[in-house]
Amino acid sequence: MAAVLALTCKDAAAGFGPPANPAFGSNAANASSWLAGAHAGYNWQQGAAVFGFETDLQATHLNSTMSGGLTHSPPIIPLPASDFASTTALIEYYGTVRGRLGWSAGQWMFFGTAGAAYGNVELSSTFSTLGLRTFSQTSEQKIGWVVGAGFEYLLRPNLMLSLGYQYVDLGRIGISSTTTGISGPSSVTLSQAATVHAQFQTVMAGMSWRFAPGSSSPWAGGYAGGQGGGAWGNNTAATYASSQFTPSDMRLKRDIGLLARRDDGLGLYSFKYVWSDTVYVGVMAQEVALLYPDAVQRDDLTGYMAVNYTRLGLQPMILR
């Protein structure tokens, strides 16, 4: 039956060709980036125990970008130039406010930390096929949480070096969009959905200047400094879907001729629509409704039926 739809070389030369065959697919990505920022905090010390709070703010460019991932049913190789899918999730800064608890040993201090995190998360996605295009984007200020650990070294009484790790989770955001248009005899609907889990990990080295360091409590007091390092994560995923419904109600057709029957009993016909002299090869919705009801859509106003050829594994043919 594939030969009936593909037709012969002679038929193709006479002007047969496929109508709408929209793309669909999915994709996923994550990112890595640099970090640079500043921090400030205050410590108290009792014996070897050190406890306090710290806040920091980092610039970054954690950009999860993906494109492609589209296919057709049946496949088209190479993909048409009109097929395009791209999704991007971006974090350009984040900050934290944390409590810290550590244990000192001479010039070394090891600590754990936890608290609140905040940042801006951007998400955008575009899906295009058959000359149709759907687009969506959002930008949200998010508040989440952070945990981490690290160590500091007193290089001098008023100068300390640090190396720290943070696990940051700013939550999830999602977008979706849909568009419907006409391609040839078919009504084509494109839809897309994208999500990002703004979760990432960081490793940063820093230097801090301590204010008025005390001799009896070498870690106590306020401090401020800068840090830099790297981040990775920001997991992003997107799906791109399409459905193609072609008017196939026999009440909208004329000059109907049976060409062949598939093994499942579904007939393949040549016909013209009542409003056109173009000759098509395809199916009749009334027959499809008996064998594959999930591939048929009925208009609530007129009662006319259309067929999703993709669900049948077929493509209607047009004689121009």
Under the 3.5 angstrom rule, does the side chain of [X] hit a backbone N or O of [Y] as a donor-acceptor pair?
{"X": "Tyr309", "Y": "Val283", "value": "yes"}
{"X": "Ser208", "Y": "Gly225", "value": "no"}
{"X": "Gln45", "Y": "Trp219", "value": "yes"}
{"X": "Thr134", "Y": "Ser191", "value": "no"}
{"X": "Thr138", "Y": "Leu123", "value": "no"}
{"X": "Gln107", "Y": "Leu154", "value": "yes"}
{"X": "Asp299", "Y": "Tyr304", "value": "no"}
{"X": "Arg210", "Y": "Ala220", "value": "yes"}
{"X": "Arg311", "Y": "Asp294", "value": "yes"}
{"X": "Thr55", "Y": "Thr96", "value": "yes"}

Could you walk me through whether Ser139 and Asn120 pass the side-chain contact (heavy atoms from CB on, under 4.5 Å) check? CA-CA 7 Å; Ser139 179; Asn120 188 74; 3.1 Å; yes

Taking the side chain as everything from C-beta on, heavy atoms only, tell me whether [X] gets closer than 4.5 Å to [Y].
{"X": "Lys253", "Y": "Tyr269", "answer": "no"}
{"X": "Gln286", "Y": "Arg251", "answer": "yes"}
{"X": "Gln199", "Y": "Asn235", "answer": "yes"}
{"X": "Leu159", "Y": "Met207", "answer": "yes"}
{"X": "Asp83", "Y": "Pro80", "answer": "yes"}
{"X": "Gln166", "Y": "Asp56", "answer": "yes"}
{"X": "Leu170", "Y": "Val121", "answer": "yes"}
{"X": "Gln201", "Y": "Tyr165", "answer": "yes"}

Does the gap between the ring centers of [X] and [Y] come in under 6.0 Å?
{"X": "Tyr273", "Y": "Phe271", "result": "yes"}
{"X": "Trp103", "Y": "Phe110", "result": "no"}
{"X": "Phe151", "Y": "Trp108", "result": "yes"}

Return yes if a side-chain donor-acceptor contact under 3.5 Å exists between [X] and [Y], otherwise no.
{"X": "Ser124", "Y": "Thr88", "value": "no"}
{"X": "Thr60", "Y": "Ser33", "value": "yes"}
{"X": "Thr278", "Y": "Ser276", "value": "yes"}
{"X": "Glu54", "Y": "Tyr223", "value": "yes"}

Is it the case that one hydrophobic cluster holds both [X] and [Y], taking links as side-chain heavy atoms less than 4.5 Å apart, direct or via other members?
{"X": "Leu290", "Y": "Met284", "value": "no"}
{"X": "Val296", "Y": "Tyr292", "value": "yes"}
{"X": "Leu132", "Y": "Ile175", "value": "no"}
{"X": "Met109", "Y": "Phe51", "value": "no"}
{"X": "Trp145", "Y": "Tyr118", "value": "no"}

Using the six-membered ring of Phe111, assess whether NZ or CZ of Arg100 lies under 6.0 Å from its centre and within 45 degrees of the ring axis.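 Yes; both conditions hold, so Arg100 lies above the ring face of Phe111.
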
Please find the pair of heavy atoms, one from [X] and one from [Y], that lie closest to each other, and give the distance.
{"X": "Tyr94", "Y": "Val168", "result": "CE1-CG2, 3.8 Å"}
{"X": "Ser64", "Y": "Thr236", "result": "CB-OG1, 3.4 Å"}
{"X": "Ser125", "Y": "Tyr240", "result": "OG-CE2, 3.8 Å"}
{"X": "Asn234", "Y": "Leu62", "result": "ND2-O, 3.3 Å"}
{"X": "Gly267", "Y": "Leu258", "result": "CA-CD1, 4.1 Å"}
{"X": "Thr71", "Y": "Leu79", "result": "CA-CD2, 4.5 Å"}

Look up atom [atom1] in [X] and atom [atom2] in [Y], then write down how far apart they are to the nearest 0.5 Å.
{"X": "Thr239", "Y": "Phe127", "atom1": "OG1", "atom2": "CZ", "answer": "9.5 Å"}
{"X": "Met305", "Y": "Thr246", "atom1": "CE", "atom2": "OG1", "answer": "14.0 Å"}
{"X": "Gln297", "Y": "Ser248", "atom1": "CD", "atom2": "OG", "answer": "11.5 Å"}
{"X": "Glu122", "Y": "Ile91", "atom1": "CD", "atom2": "CD1", "answer": "10.0 Å"}
{"X": "Ile173", "Y": "Lys142", "atom1": "CD1", "atom2": "NZ", "answer": "7.0 Å"}
{"X": "Trp44", "Y": "Ser217", "atom1": "CH2", "atom2": "OG", "answer": "13.0 Å"}

Any ion pair linking [Y] and [X] (charged N to carboxylate O, less than 4.0 Å)?
{"X": "Glu140", "Y": "Arg172", "result": "no"}
{"X": "Arg254", "Y": "Asp277", "result": "yes"}
{"X": "Asp249", "Y": "Arg298", "result": "no"}

Decide yes or no on side-chain hydrogen bond (donor to acceptor under 3.5 Å, both in side chains) for Gln58 and Tyr93, but give the supporting numbers first. CA-CA 6 Å; Gln58 285 73 227; Tyr93 75 87; over 6 Å; no

Stepwise side-chain contact (heavy atoms from CB on, under 4.5 Å) check, Thr178 with Thr189: CA-CA 7 Å; Thr178 301; Thr189 299; 3.6 Å; yes

CD/Gln141: more than 12 non-hydrogen atoms of other groups inside 6.0 Å: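 Yes - once you tally the heavy atoms of other residues, nucleotides and ligands closer than 6.0 Å, there are more than 12.
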
Taking atom CH2 of Trp34 as the centre, does the number of heavy atoms from other residues, nucleotides or ligands within less than 6.0 Å exceed 12?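 More than 12 within 6.0 Å, yes.
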
Can you list the steps and then say if Leu314 with Arg262 is a side-chain contact (heavy atoms from CB on, under 4.5 Å)? CA-CA 11 Å; Leu314 298 176; Arg262 303 197 319 179; 3.5 Å; yes

Pairing residues for Asp255 by the salt bridge (charged side-chain N to carboxylate O under 4.0 Å, His left out) criterion, not counting sequence neighbours: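 Result, salt bridge (charged side-chain N to carboxylate O under 4.0 Å, His left out) vs Asp255: Lys272.
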
side-chain contact (heavy atoms from CB on, under 4.5 Å) between Leu90 and His61, worked out: CA-CA 7 Å; Leu90 176 63; His61 191 71; 3.7 Å; yes

